[in-house]
Structures are given as structure tokens and as C-alpha cells.
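Here's the structure, in C-alpha cells; my notes come after.
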Amino acid sequence: MRCLIVDKMHDSILPMLESIGVDATYRPDATRPEILKEIDNYEGIIIRSKTTIDQEFIKLAPQLKWIARAGAGIDKLDIAAIEQRGISIFNAPEGNRNAVAEHVLGMILNMLNNLHKGDLEIRAGVWDREGNRGSELAGKTVGLLGYGFMGMAVARKMRALGCRVIAFDKYKSSFSDEYVQQVTMPELFRETDIFSIHIPLTKETKALVDDNYLSNFEKPIYLINTARGEVLRLDDLLTHLANGKVLGAGLDVLENEKINQLSPAQQVTFNHLIKSGNVLLSPHVAGWSFESYKRINEVLIQKLENYLKSFTH
């Protein structure tokens, strides 16, 4: 079986594929036109975020049997077109869930303890102890929107540090356990101190967290988004940062992450965002640790191996 790899992967990927009998072509620098020209020769593709796999792509890939997404999100895949062709999809949320959870924790601790603010002030010659007095994480209620692999990993970290963890997931039921309490959306709005987003990007979730959504929280909250930028409307976040409903925001993802190619309106929003003293930003790296880089390969290879074994039996 032949597969095409179109994104940069950890060096372990080629020997791992060879060990399960997959002949891989490594083309991380390939452009979309080049991929479309070659894809008819392959039964599989390993992709990160290089391009969308849409109807045009599928039409030009008559032999394609499987798609491996090196990460958690599958929003760049046309699921309907892929399933119609009977093509299997593998992703690897198990590979980077711990990295995401640690990043969420780091952002929360940074904001609660004014670490970035205090650092900048000291560098500017300001020594302000009272203005940088922190709040303790223990005893806070962490509200999770979505309870998949990432939400579960975050819940375990938060519980270990003395937090109460509640979660709402529209597509899950009866998932309360020692780490989390399942709640309704009204309960999430009423009880949350720290709000962390862990839902995929779909037509249903795009711009879900908007002005109306944020207005429903009964207490001032800290907000963390390590999911997808398009889930959260940044203009509406800025409104609630200004009125105090959101005390601080940790954003690993943005609505448009091509920050040097923003529309005029997006540029205005971005300028306000970066000037805000209570926003912490990181460049979509929550799940991108050195360890997860390799672990994602391990997860994908295990799933692919199981898939290939089902073919031979």
C-alpha cells in the first residue's frame, strides 16, 4: 500500500510506516496543484493542515482508501464527500491531549497570577506588588465546553489542583465521574469561574461563543480557547473584556491566524486584542509539544496498523 505524506512530520514516521508495510512518499513541500496531480497513485494520505480534502480532491484520488490527519481537528476534511466514497479517516487526539491540557493550565496560572503583566512591569522599572496580587486556582470552578479527549485531559489536571470541574457536551450523556460533573448549559453559565473551550469547528459551532453566549455567564470569568479560533467571535470577546464580564482571555487560536494577511476589519480587531492588557496569546501551539509531535505518529500508526490487519483477515 502506498501513501503520500504532504506535511512535515516527526522523523519517526517513515520507519514506522515501513514497519507496517506501507510504502510512503514524503513530500512536505508539495503544493496543492502538485498533490492533486499525484494523488491518483496513492491509497493513503497523511496530512496536517496543508490543504482541504474536498470533492475536487476526492474526485482526483480514485484509489484513496484512507486519510490520516496528524492532529485532532478534521475541519479541513469534507466528511460527507469522504464517507460517500467509503474512505476511512484517522485522527490523533490521543497524541496531543496532554500537551493541550498542560497549555491550558499554563495559561490559567499565568493569568491568575499576573505573570506576564508583572514581568513586563519589572522590565519597565515598575515594582508593584499589590497590583500583581494573584488569585489561587484551587477552589475555582472550571467549566468545559466539550468533553472529548482534550476536555477529559484538562479535567484531570484541574481536579489534581483542587478545582471543581463541570462540563457541557451536547453529544454526550452520563459522563460524570471522579474528575468531572456533567451539567446543563444554564448550570455552566451559572457556576463557571474559568471557561475552557474544547469543541470542534463545524457549521453548528462557528461563532457559537458570541456576545449573546458570553452575556449568559453569571460571574466574571477567565476564558481559554485552545480549540478553533472561528468558534469564538473576537469582537464580542473584546466587548466583554471591556465591560469586565471576561477578566482575562488566553487564546492559542484566532479567527484568522494569517496575522499578516488580515482584512481591514480583522486588523482593527487584532490591534485592540494585542493592546489589551488582559489577553494572553500563543501561536496555535497548545497541542504542538516536542513529545506530542512524535506521539501523534505513534497513535496514527497504531490505528493504521489495526485498519490494515482488518483488510487481511
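Owing to the predicted nature of the structure, the values given are computational and were not obtained by experimental measurement.
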**OP:** Take L137 and N113, measure what side-chain contact (heavy atoms from CB on, under 4.5 Å) needs, and give me the verdict at the end.
**Re:** CA-CA 9 Å; L137 178 57; N113 293 284; over 6 Å; no

Subject >> Trace of the side-chain contact (heavy atoms from CB on, under 4.5 Å) decision for V268 with L262 >> reply: CA-CA 9 Å; V268 170; L262 301 177; over 6 Å; no

**OP:** Give the intermediate values and the outcome of side-chain contact (heavy atoms from CB on, under 4.5 Å) for residues I197 and T226.
**Re:** CA-CA 7 Å; I197 301 171; T226 54; over 6 Å; no

Original post:
Step by step, would you call Y42 with T25 a side chain to side chain donor-acceptor pair (under 3.5 Å)?
Top reply: CA-CA 9 Å; Y42 296 94; T25 301; 3.1 Å; yes

Subject >> Test log, rule side chain to side chain donor-acceptor pair (under 3.5 Å), inputs N98 and K157 >> reply: CA-CA 9 Å; N98 185 68; K157 304 285 186 197; 2.7 Å; yes

**OP:** Dump the intermediate steps for ring pair (Phe, Tyr, Trp, His ring centres under 6.0 Å) on Y147 and F168, then the final yes or no.
**Re:** CA-CA 7 Å; Y147 199 65; F168 173 81; over 10 Å; no

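Interatomic distance, I45 CD1 to R2 CZ, rounded to the nearest 0.5 Å: 12.5 Å. Atoms OG1 and NZ, on T31 and K37 in that order, are 10.0 Å from each other to the nearest 0.5 Å. With rounding to the nearest 0.5 Å, the separation of CD1 in I67 from CD1 in I53 is 4.0 Å. Taken to the nearest 0.5 Å, the CD atom of Q84 stands 13.0 Å off from the CD1 atom of I79. Separating the SG atom in C163 from the CD atom in E136 is a distance of 11.0 Å, to the nearest 0.5 Å. Note that CG of D252 is 5.5 Å distant from CE of M107, once rounded to the nearest 0.5 Å.
Under the 4.0 Å criterion applied to side-chain N and carboxylate O atoms, E102 and R97 are not assigned as salt-bridge partners. Of the charged side-chain nitrogens involved, at least one lies within less than 4.0 Å of a carboxylate oxygen, so that E38 and R27 count as a salt-bridged pair. A salt bridge links R133 with E130: the closest approach of a Lys/Arg side-chain nitrogen to an acidic carboxylate oxygen falls below 4.0 angstrom. The pair D54-R32 meets the salt-bridge criterion, since a charged nitrogen lies less than 4.0 angstrom from a carboxylate oxygen. We find that E191 and R164 are joined by a salt bridge, their nearest charged nitrogen and carboxylate oxygen being less than 4.0 Å apart. For the pair D169 and K172, the salt-bridge criterion is not met [side-chain N within less than 4.0 Å of a carboxylate O].
Side-chain contact between D210 and L232 is absent, with no heavy atoms from C-beta onward closer than 4.5 Å. Under the 4.5 Å side-chain criterion, counting only non-hydrogen atoms from C-beta, K65 is not in contact with S88. Annotation: side chain of L304 is in contact with side chain of I20 (closest heavy-atom distance under 4.5 Å). Counting only heavy atoms from C-beta outward, the side chains of H198 and V104 approach each other to under 4.5 Å. Side-chain atoms of F57 and T52, non-hydrogen and from C-beta on, never get closer than 4.5 Å to each other. No side-chain heavy atom of V6 sits under 4.5 Å from any side-chain heavy atom of I39. Looking at N225 and L254, their side chains never come closer than 4.5 Å, going by heavy atoms from C-beta outward. In this structure, Y222 and D193 have side chains that are not in contact, with every pair of non-hydrogen atoms separated by 4.5 Å or more.
Residue E18 places its CD atom among 12 or fewer non-hydrogen atoms of other residues, nucleotides or ligands, all under 6.0 Å distant. Few gaps surround NZ on K117; more than 12 heavy atoms of other groups in view lie less than 6.0 Å from it. At most 12 non-hydrogen atoms from other residues, nucleotides or ligands lie less than 6.0 angstrom from CD of Q55. The local environment of NE2 in H10 is crowded, with over 12 non-hydrogen atoms from other residues, nucleotides or ligands closer than 6.0 Å. Annotation for Q63: atom CD counts as buried by contact number, over 12 foreign heavy atoms lying within 6.0 Å. Shown here is R48, whose CZ atom has more than 12 heavy atoms of other residues, nucleotides or ligands within 6.0 Å. Enclosure of atom NE2 in H284 by more than 12 non-hydrogen atoms of other residues, nucleotides or ligands within 6.0 angstrom is indicated.
In this model, a donor atom of one side chain and an acceptor atom of the other lie less than 3.5 Å apart for S282 and H103. Side chains of E121 and N132: a donor on one and an acceptor on the other come within 3.5 Å. Side-chain atoms of H240 and D211 include a donor-acceptor pair closer than 3.5 Å. No hydrogens or angles considered: nothing links the side chains of T269 and Q266 as a donor-acceptor pair under 3.5 Å. Between the side chains of R159 and Y179, no donor-acceptor pair is found at a separation under 3.5 Å.
Across every non-hydrogen atom of L214 and L237, the tightest pair is CD1-CA, 4.0 Å. In this structure, I199 and G146 approach most closely via the heavy-atom pair CG2-CA, 3.8 Å. Contact record, D75 with L201: CB-O, 3.6 Å, taken as the closest heavy-atom pair. N96 approaches M150 most closely through the heavy-atom pair OD1-CE, 3.0 Å. The two atoms that bring P200 and T205 nearest to each other are O-OG1, 2.7 Å, heavy atoms only. When every heavy atom of A249 is checked against every heavy atom of L241, the shortest pair comes out as N-CD2, 4.2 Å.
Using a 4.5 Å cut-off between side-chain heavy atoms of Ile, Leu, Val, Met, Phe, Trp and Tyr, with links allowed through other members, L105 and L247 fall into the same hydrophobic cluster. Clustering ILVMFWY residues whenever any of their side-chain heavy atoms sit less than 4.5 angstrom apart, transitively, puts V299 in a cluster other than the one holding M9. V22 and I47 fall into different hydrophobic clusters, defined by Ile, Leu, Val, Met, Phe, Trp and Tyr side-chain heavy atoms under 4.5 Å apart, directly or through other members. Under the 4.5 Å side-chain heavy-atom criterion for grouping Ile, Leu, Val, Met, Phe, Trp and Tyr, Y307 is not connected to L64 through any hydrophobic cluster. I194 and V100 end up in the same hydrophobic cluster when Ile, Leu, Val, Met, Phe, Trp and Tyr side chains are linked at under 4.5 Å.
D7 places a side-chain N or O within 3.5 Å of a backbone atom of K50 that can act as its donor or acceptor partner. Under a 3.5 Å cut-off, the side chain of K245 and the backbone N or O of S215 do form a donor-acceptor pair. At distances below 3.5 Å, at least one donor-acceptor pair connects side-chain atoms of T192 with backbone N or O atoms of L188. Under a 3.5 Å cut-off, the side chain of S292 and the backbone N or O of G287 do form a donor-acceptor pair. Judged by distance alone, the side chain of R85 and the main-chain N or O of A61 form a donor-acceptor pair under 3.5 Å. Remark: the backbone N or O of I122 is not paired with any side-chain donor or acceptor of D119 at under 3.5 angstrom. The closest donor-acceptor contact from the side chain of Q181 to the backbone of I166 lies at 3.5 Å or more, if one exists at all. Under a 3.5 Å cut-off, the side chain of N114 and the backbone N or O of N110 do not form any donor-acceptor pair. Formation of a donor-acceptor pair under 3.5 Å by the T202 side chain with backbone atoms of E204 is found in this model.
Relative ring orientation between F189 and Y213 is described as perpendicular, the plane-to-plane angle rising above 60° on a 0-90° scale split at 30° and 60°.
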